[in-house]
Every structure is written in structure tokens, then in C-alpha cells.
Amino acid sequence: DEEGWLVRGEFPETCKPDESVWMVEDDPAGEHGVVVISLDKGSRHTWWDSVVCGDPEVDTTLVDSTCKIDEYDAETQGTIRKIMFDQKQKALGMPTSEELETQALLQRAKLAPGSPFLEAQNPN
């Protein structure tokens with residue numbers, strides 16, 4: 001930007017600052033150094049849609065991973081599948097897995113004994 005920032009904004013997920021590093025590497029042509037930033041993400045097996053919130057997004061479904069999904073442990077496979085499901089749901093304008101969980105929780109709360117919503121549905 002006009003102030004000289006290369007990256008400015010909020011990260012889409014948390015990072016581990018004590019595990020993240022930066023360094024300046026020599027340019028092979030000897031003209032300019034290259035700043036290399038390595039961020040250790042809080043959730044290591046998720047892909048970010050952008051470097052910072054508001055930047056152009058990348059379709060992470062097109063990212064060529066070095067591992068097939070079934071080569072990851074069960075927890076990581078679940079995380080990858082959840083991300084893929086949520087991206088597909090968003091593209092279709094449908095609720096994400098978190099939104100579906102919230103809807104189910106609200107429905108259970110409505111039907112729970114003593115719920116004020118239950119009384120509103122069945123006035124005595």
C-alpha cells in the first residue's frame with residue numbers, strides 16, 4: 001500500500017507467534033533480498049482461503065496437496081472433509097456444518113422440557 005506494507009490485516013485463523021519466523025534470503029541475481037515469512041498456523045492441517053481477511057481468496061479445493069486425504073490421520077481427514085463440505089455448501093448458498101449444528105441445537109432447545117418456546121407453540 002502507500003505506506004509500504006506488503007501484508008496488512010487480520011489472519012483468517014490463529015498463528016503460533018513463538019513458532020513463526022521470518023528471514024531475508026539473498027536474491028540469486030544479487031539485486032534484492034527476499035523476505036520469507038513462515039507462519040505456524042494454530043490448526044496445521046487447514047488451508048487458508050487468503051493470506052489476510054479481505055484479500056482475494058484462493059479456491060483451496062484446487063490446491064495440490066502432497067498427501068492424499070486417506071494418508072492423513074482420522075482427525076485430519078475429518079477436518080479436510082469438513083472444510084471441503086463447508087466450501088461446497090457456501091458455493092451452493094446452503095448452511096455450513098457449523099450453521100447446521102447451530103440449527104440443530106436451537107431445535108433441541110425449542111423442544112426441551114421447560115423451554116419457553118415449547119409453551120408458545122402449545123398454549124394452555
Could you measure the distance from the [atom1] atom of [X] to the [atom2] atom of [Y]? Nearest 0.5 Å is fine.
{"X": "K82", "Y": "I80", "atom1": "NZ", "atom2": "CD1", "value": "13.0 Å"}
{"X": "C53", "Y": "E13", "atom1": "SG", "atom2": "CD", "value": "8.5 Å"}
{"X": "T96", "Y": "I83", "atom1": "OG1", "atom2": "CD1", "value": "12.0 Å"}
{"X": "S20", "Y": "F11", "atom1": "OG", "atom2": "CZ", "value": "7.5 Å"}
{"X": "Q87", "Y": "D49", "atom1": "CD", "atom2": "CG", "value": "5.5 Å"}

* Could you pull out the closest heavy-atom pair between S50 and P56, with the gap in Å? =>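 Smallest interatomic distance, heavy atoms only, reads CB-O, 3.6 Å.
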
* Would you check, one step at a time, whether the test side chain to side chain contact (heavy atoms under 4.5 Å, CB included) holds for M23 with I37? => CA-CA 7 Å; M23 67 183 115; I37 302 171; over 6 Å; no

* Asked: Residues in salt bridge (charged side-chain N to carboxylate O under 4.0 Å, His left out) with K90, at least two apart?
  ->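 With sequence neighbours excluded, K90 shows a salt bridge (charged side-chain N to carboxylate O under 4.0 Å, His left out) to no residue whatsoever.
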
Report yes if the side chains of [X] and [Y] come closer than 4.5 Å at any heavy-atom pair, otherwise no.
{"X": "L100", "Y": "F85", "result": "yes"}
{"X": "T102", "Y": "E99", "result": "no"}
{"X": "Q89", "Y": "S97", "result": "no"}

* For M94, which fellow cluster members are found when Ile, Leu, Val, Met, Phe, Trp and Tyr are connected by side-chain heavy-atom distances below 4.5 angstrom, either directly or through intermediates? ->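 Grouped by the 4.5 Å side-chain rule, L92 form the rest of the cluster around M94.
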
* Remaining members of the apolar cluster that contains V21, side-chain heavy atoms under 4.5 Å ->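 None, because no other hydrophobic side chain comes under 4.5 Å of this residue.
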
* **Donor-acceptor contact below 3.5 Å, side chain S115 vs main chain K110** =>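 Yes, the answer is positive, given that a donor and an acceptor are paired below the 3.5 Å cut-off.
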
